[in-house]
Amino acid sequence: MPAKRKRDEAAEGQAGECSSSAAAADGPRYFLMKSEPDSRMEKGMDMKFSIDDLKESPDQTAEWDGVRNFQARNVMRGMKVGDKAFFYHSNCKVPGIVGIATIVREAYPDHTQFDEKNPHYDAKSKKEDPRWDMVDVKFERELERMISLEELKRYKEKELKDMHLFTRARLSVSPVSADEWSFILSLEKQPEPPKEKKKRKKKADKDDEEEDE
DNA sequence: GCCAACGTTGGC
DNA sequence: GCCAACGTTGGC
């Protein structure tokens, strides 16, 4: 067996912690899925997929294709129908959670891996043994207000200290604990907090500050 | 547009 | 199986 295969399996092992064996019996599990709301061309294909795009999809349902990271794939493999996911806008002006989607179809092979025209084509993936999976997600609702990354970060030392969004920042699909889920939804009910100003201060402000000390 | 963080690849 | 080089993610 080639070494490559071994690596896949190793990666698979890692997912164990956040799966899966206990199906939907004990209620839904929770996730966070990142998507880019702004147009960005990759090999002639627009990578944009916003919460509005999901909402406007046929049956408000879309294939979550293009995941090409083993950890993220493994997280998706642990998803069950009925599980919930925060829809997160990334790589944009104001990144953050904008809505909620429901998993409506469990992991199955991502067809874009076999499509040479697709930016996520994977020449090494074989039809008999696909490397990459996708799930289908359905729009549930938008949040009453966006919970920005900046706002979430205010809790990264406390309520959200274990969130994969912070501890594994580059994972595009990550698990969210029930506590994290309800904590974030509790933020939604609160009024929008004032923006934390941490943009580079103007020199005048800075001088003032130094005088204060 | 920059670049830090980090996942992946491949030589050894 | 180590690890340097490379590529990508994604906030800023």
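Throughout, a chain's letter reflects where its sequence line sits, starting with A, and its residues are numbered from 1.
- We find that NZ of K153(A) is positioned 8 Å from P of dG11(C), with the value rounded to whole Å.
- Going from atom OG of S90(A) over to atom CG of L149(A) covers 10.0 Å, rounded to the nearest 0.5 Å.
- Side-chain N/O atoms of R170(A) and base N/O atoms of dT8(C) include a donor-acceptor pair closer than 3.5 Å.
- Contact check, K124(A) against dT9(B): a side-chain N or O comes under 4.0 Å of OP1 or OP2.
- Nearest to the side chain of F70(A), among dT8(B), dC12(C), dG10(B), sits dT8(B).
- Nucleic acid contact class of N91(A) (heavy atoms, under 4.0 Å, all strands): base.
- Close to dG11(C), at under 4.0 Å from its OP1 or OP2, lies a side-chain N or O of Y88(A).
- With dC12(C), dG10(C), dT9(B) as the choices, the nucleotide that has an atom nearest any side-chain atom of R131(A) turns out to be dT9(B).
- Between the side chains of R73(A) and S172(A), not a single donor N or O lies within less than 3.5 Å of an accepting N or O.
- In the set dG7(B), dG10(C), dT9(B), dG7(B) carries the atom at the smallest distance from any side-chain atom of N69(A).
- Taking atom CD of E36(A) as the reference point, atom P of dC12(C) lies 15 Å away to the nearest angstrom.
- In this structure, CG of D122(A) is placed 16 Å from P of dG7(C), rounded to the nearest angstrom.
- Straight-line distance from the CG atom of L171(A) to the P atom of dG11(C): 13 Å, rounded to whole Å.
- Atom-to-atom, CD of Q71(A) to C1' of dT8(C) comes out at 14 Å; the value is rounded to the nearest Å.
- Judged as a side chain to side chain contact (heavy atoms under 4.5 Å, CB included), and not counting sequence neighbours, the contacts of P130(A) are P109(A), Q113(A), F114(A), S125(A).
- Atom NZ of K43(A) and atom C1' of dG7(C) are 11 Å apart (whole Å).
- Residue K34(A) places at least one side-chain N or O under 4.0 Å from the OP1 or OP2 atom of dG10(C).
- A cation-pi arrangement is not found for K84(A) relative to Y30(A), the charged atom failing to lie both closer than 6.0 Å to the ring centre and inside a 45° cone about the ring normal.
- Atom CG of L152(A) and atom C1' of dG10(C) are 15 Å apart (whole Å).
- A side-chain donor-acceptor contact under 3.5 Å links K34(A) to the backbone of L171(A).
- Counting non-hydrogen atoms under 4.0 angstrom, F166(A) reaches nothing in the nucleic acid.
- We find that CZ of R168(A) is positioned 8 Å from P of dG7(B), with the value rounded to whole Å.
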